[in-house]
Amino acid sequence: MTKEQFIKAAKSLGYTDEIIDKIIKLHEEAAANGLKIPWGVDLEALPVTEWLMKYADHFKEEFPILKVRHLNNHEIMKLIQGAIKKNKPYIGTDDL
C-alpha cells in the first residue's frame, strides 16, 4: 500500500485529516530512523462511539442517537462527520 492509498483508505474509514497527518508523521519519523512500517498496519474503522464523543465535544451537546436508531454505525458516522464538517448540529433529517 502506498501513502496515497493509505490516505484514501483512511478517509473512507472516517479518519480525520488531523489523525491521518499524525499517522503519516509517525511513519516518516520511523523511516528516518531506518524502520519501515507498512502503511496499512494503522487502518481500522473508528468506532461510532468515538464519533459520538467528537460530536459532543464540537457542539457541546449529545448527538440525537434515537433519531437515527434505524441506521447502521457507518451511516451514523457519516451523519456526524457531515454535521461537524458543516458546523451544523444534526436535527433529525439526512439533509446536512
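Small disclaimer: the values here were computed from a predicted structure and weren't measured.
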Sorted by chain and number, sequence neighbours left out, side-chain contact (heavy atoms from CB on, under 4.5 Å) with Lys3 holds for Ile7, Ile24, Glu28, Trp39
ILVMFWY cluster membership beyond Val41 - transitive side-chain contacts under 4.5 angstrom
Leu35, Ile37
Any side-chain heavy-atom pair of Leu43 and Met1 under 4.5 Å:
yes
Ile76 side chain reached by Asn72 side chain, heavy atoms, under 4.5 Å:
no
Just how far is it from atom NZ of Lys8 to atom OG1 of Thr2, taken to the nearest 0.5 Å?
10.0 Å
In sequence, state the C-alpha distance, the side-chain angles, and the governing distance for Asp17 and Lys11, and then conclude on side chain to side chain contact (heavy atoms under 4.5 Å, CB included).
CA-CA 8 Å; Asp17 289 337; Lys11 287 184 178 192; 3.3 Å; yes
Taking only Lys NZ, Arg NE, NH1 and NH2, and the carboxylate oxygens of Asp or Glu, determine whether Lys22 and Glu18 approach each other closer than 4.0 Å.
yes
For residues 47-68, which side-chain donor-acceptor pairs fall under 3.5 Å, sequence neighbours excluded?
{"from": "Tyr55", "atom 1": "OH", "to": "Tyr90", "atom 2": "N", "distance (Å)": "3.0"}
{"from": "His58", "atom 1": "NE2", "to": "Asn87", "atom 2": "OD1", "distance (Å)": "2.7"}
{"from": "Lys60", "atom 1": "NZ", "to": "Asp57", "atom 2": "O", "distance (Å)": "2.7"}
{"from": "Lys67", "atom 1": "NZ", "to": "Ile91", "atom 2": "O", "distance (Å)": "3.3"}

